[in-house]
Amino acid sequence: RKKSRRIKGKEGIRIGDYQELAVGDYVVHEQHGIGQYLGLRTLEVGGTERDYIYIQYAGNDKLYIPVEQIDLVRKYIGVEGKKPKLSSLGGGEWNRIKARVQASVQELAKELLELYAARETEPGHAFPPDHPWEADFAASFPFEETPDQLQAIAEIKADMQKSRPMDRLLCGDVGYGKTEVALRAAFKAIMDGMQVAFLVPTTILAQQHYRTFTERLQGFPVNIGILSRFQNKAEQKATLQGLRDGTIDLVVGTHRLLSKDVRFKNLGLLVVDEEQRFGVRHKEKIKMLKKNVDVLTMTATPIPRTLHMSLVGVRDLSVIETPPENRYPVQTYVLEYSDVLVREAILREIGRGGQVYFVHNRVQSIDKWAAHLTKLVPEARLAVAHGQMPEAQLEEVMIAFLEGEYDVLLSTTIVEAGLDIPNVNTIIICDADKFGLAQLYQLRGRVGRSNRIAYCYLTYQKDKILSEAAEKRLHANKEFTELGSGFKIALRDLEIRGAGNILGPEQHGHMLAVGFDMYIKLLEDAIRTYKGTKSERQLPPRIEVQADAYLPASYISDARQKIVFYQKIVNLSSVEEVEEAREELSDRYGQLPPPAENLLAVAHLRLLAQELGISSISEEKGDLMLRFTDGKLSGDTLLQYARRHRGRLQSAAGRQFVLSFRQKFATAREKLNFLLQRLQELQECAGSRQRQEQEA
């Protein structure tokens, strides 16, 4: 029997995925601010060759940063198409901007932590452990849950069983099964005799959730109601009455649920889908409801891992990153509009029993398009849907399409919000260059929700010259077709907007001022300070030894690949990882040339030096000097070692020691090997000293 290989879920974004620097990208240096990256330069300084990151600042100021300091340089992530203002070198402007953002971030961190502390003490309803029916309900789910889904369900149920009100944010890419997670929570609440309100941004979505829930809860004693503008007066009245007397267990609705006449007998759980799409007034009403009710907020705005990490312990977050089984990436094409292509795409989809979305976002000319498409593909049954249609008619069209009475749905972007029709696996978007990146991504997420390969055609008018920003947007969507790439698209455009949704729009400007990564770093520091766990960042040891240590262009010609490897090498955290990096390099590019071998030896030295409390290893007038600063090795141990190996020991201020060796070396490699040997021996000395102390 063949063993099935379990694919490991992606752990957020790998540095190489999004931090690859292309010439011309904007970057942020912690000390010097925002500049423009102009590539790698190999320079000879003091007789040794190294690679330097070349950055240009305002007024044509240039800065060369050694690659070992690459972790101080981050890609500037801002709103797509907006160029940031370059910082001036040497001026105090960057420090002033940083200080301003720091102040706002500290306020935000304080608010978040106070809110969290207040919620901890607020009394709420503690739900009992799982009801036996919950296992039956879980078993009736027709698919296999992903590990992330199971973890999110466990986290939410654990929250519900606490006596403080839950306030959890559930983030997951489009089509990753957030609704099922919310349903499990709803079922738990209903089993304890409490009511559940499901708040969604659009009427169509409310209708669809209502259908999904009715199917999913079949066979269980649960009454479901719906409140939206699609219901007539009598139906709304009956639903309101049911909520008051407790005969309705679960209600799905739009912001109509927030009206004054809606009263619950015993509301236990509020689920808010896509909270950022509700207005300020609605959000205030949601806040009032939140006081002592468990709340689960769902969003498809992908939350970057960095933000997730910095908010852990401040907001309760569950992130779904693994795609469901048997999902295929959506095949995405960017091309000029052509009737031949449209006819072919529609007929191919109908031929395999599927349906098609045709998105045209202008209500004024939608009927013209309907006539054109009917003429173009007379074999297809076509329906038209847009937000300005009378409610009853729109509902009728959507339900008929859902039930397969039509092959093609010509609509505006109303299909963008969370519609889930697995039979639709082709989407054609007209004038795609006029849409935002996030919007295109959401639209594309409407297809590919089954185990069939889906197609997305992003079309623009024939012979139209696209603006640079529009071209970038379309190609970003084409580039990021693999599953979960919402997390990468997030880093192109949704990054800051997504963070704005989660942290509040007033933080938006501050994020733009310093770039997303820098902002998150400041937020992390502020949260640590307030929690009293601020850890001083230890500077890595400086290795200033004369040796050519870099990746030559003759070995790796692509500068972007070089950057990725430099980032990997700077972030190595163990000797095993150094060996892995060596294997990966030789596997991909062949035998390592001497400068690349030296680069890995320097990385190895840095790791050993860090363990031994050595702040720098330098070469001065023919002497190799090791500076010990944090007393991991006593003066006596170092003195004995110096005597044994013909070294000299000098003591400096405050229990600091300098161990030096004078020796001639034929090659730089020999010199680095000598240092590695000395440090490994010192490591053994430190280990035996530790053992003696433990025995004593």
Side-chain angles (χ1 to χ4, degrees), residues 141-143 172-180 182-183 198 200-216 218 226 228 230 252 254 273-274 298 300 323-332 345-361 370 373 377 380-387 389 391 393-429 439-457 483 486:
F141 184 50
F143 309 100
D173 216 335
V174 276
Y176 273 32
K178 297 186 296 293
T179 312
E180 176 62 23
L183 256 180
F198 219 102
V200 295
T202 67
T203 317
I204 292 169
L205 198 52
Q207 205 62 31
Q208 191 189 312
H209 276 336
Y210 178 66
R211 292 172 63 87
T212 310
F213 296 170
T214 309
E215 275 170 37
R216 194 67 190 83
Q218 230 172 3
I226 179 166
S228 75
F230 277 172
V252 188
T254 55
D273 199 356
E274 296 290 340
M298 304 199 293
E325 282 285 313
N326 300 329
R327 276 288 168 86
Y328 298 107
V330 177
Q331 302 299 308
T332 307
I346 291 174
L347 289 177
R348 189 200 304 118
E349 190 56 62
I350 295 172
R352 60 175 184 170
Q355 291 166 287
V356 179
Y357 285 133
F358 191 101
V359 179
H360 170 74
N361 206 24
L373 287 174
V377 198
R381 298 165 298 164
L382 180 103
V384 178
H386 58 80
M389 288 166 76
E391 278 95 38
Q393 193 186 343
L394 181 57
E395 183 188 11
E396 236 169 73
V397 168
M398 293 308 289
I399 288 170
F401 183 67
L402 196 62
E403 285 169 355
E405 288 173 29
Y406 294 107
D407 303 309
V408 180
L409 180 70
L410 167 61
S411 80
T412 55
T413 50
I414 56 165
V415 294
E416 178 197 346
L419 278 190
D420 183 16
I421 308 177
N423 198 36
V424 185
N425 280 305
T426 293
I427 184 166
I428 300 163
I429 301 170
Q439 205 173 18
L440 286 175
Y441 184 73
Q442 291 282 0
L443 282 166
R444 188 179 64 188
R446 299 305 110 222
V447 297
R449 300 170 82 94
S450 68
N451 55 3
R452 283 185 191 173
I453 288 186
Y455 300 92
C456 169
Y457 299 94
L483 292 161

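Predicted, not measured: the structure shown is a model, and the values here were computed from it. All values below were derived from every heavy atom in this structure, side-chain atoms included, with hydrogens, water molecules and symmetry-related copies excluded.
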Run the numbers on Tyr457 and Ile429 for side chain to side chain contact (heavy atoms under 4.5 Å, CB included), then give the verdict.
CA-CA 6 Å; Tyr457 299 94; Ile429 301 170; over 6 Å; no
Is there a side chain to side chain contact (heavy atoms under 4.5 Å, CB included) between Met389 and Val397 once you walk through the steps?
CA-CA 10 Å; Met389 288 166 76; Val397 168; 4.0 Å; yes
So which heavy atom on [X] is nearest to which on [Y], and how close?
| X | Y | result |
| --- | --- | --- |
| Thr426 | Glu349 | OG1-OE1, 2.5 Å |
| Ala370 | Val384 | CB-CG2, 3.8 Å |
| Val408 | Ala380 | CG2-CB, 4.0 Å |
| Leu394 | Ala385 | CD1-CB, 3.8 Å |
| Val330 | Gly448 | CG2-CA, 4.3 Å |

Assess the pair Tyr210 and Phe198: is the distance between their ring centroids shorter than 6.0 Å?
no
Does [X] reach the side chain of [Y], with side-chain heavy atoms less than 4.5 Å apart?
| X | Y | answer |
| --- | --- | --- |
| Thr202 | Thr254 | no |
| Asn425 | Tyr455 | no |
| Glu403 | Ile399 | yes |
| Leu410 | His360 | yes |
| Val356 | Ile428 | yes |
| His209 | Thr179 | yes |
| Tyr406 | Leu382 | no |
| Glu180 | Phe143 | no |

To the nearest 0.5 Å, tell me how far [X] [atom1] sits from [Y] [atom2].
| X | Y | atom1 | atom2 | value |
| --- | --- | --- | --- | --- |
| Gln207 | Thr212 | CD | OG1 | 10.5 Å |
| Leu443 | Ile427 | CG | CD1 | 5.0 Å |
| Tyr357 | Cys456 | OH | SG | 12.5 Å |

For Asn423 and Gln355, which I'm curious about, is there any donor-acceptor pair between the side chains at under 3.5 Å?
yes
Taking atom types as modelled and ignoring hydrogens, do the side chains of Arg444 and Thr332 form a donor-acceptor contact shorter than 3.5 angstrom?
yes
Any donor-acceptor pair under 3.5 Å linking the side chain of Arg452 with the backbone of Arg352?
yes
Return yes if some donor-acceptor pair links the side-chain N/O of Asn361 with the main-chain N/O of Thr413 below 3.5 Å, else return no.
yes
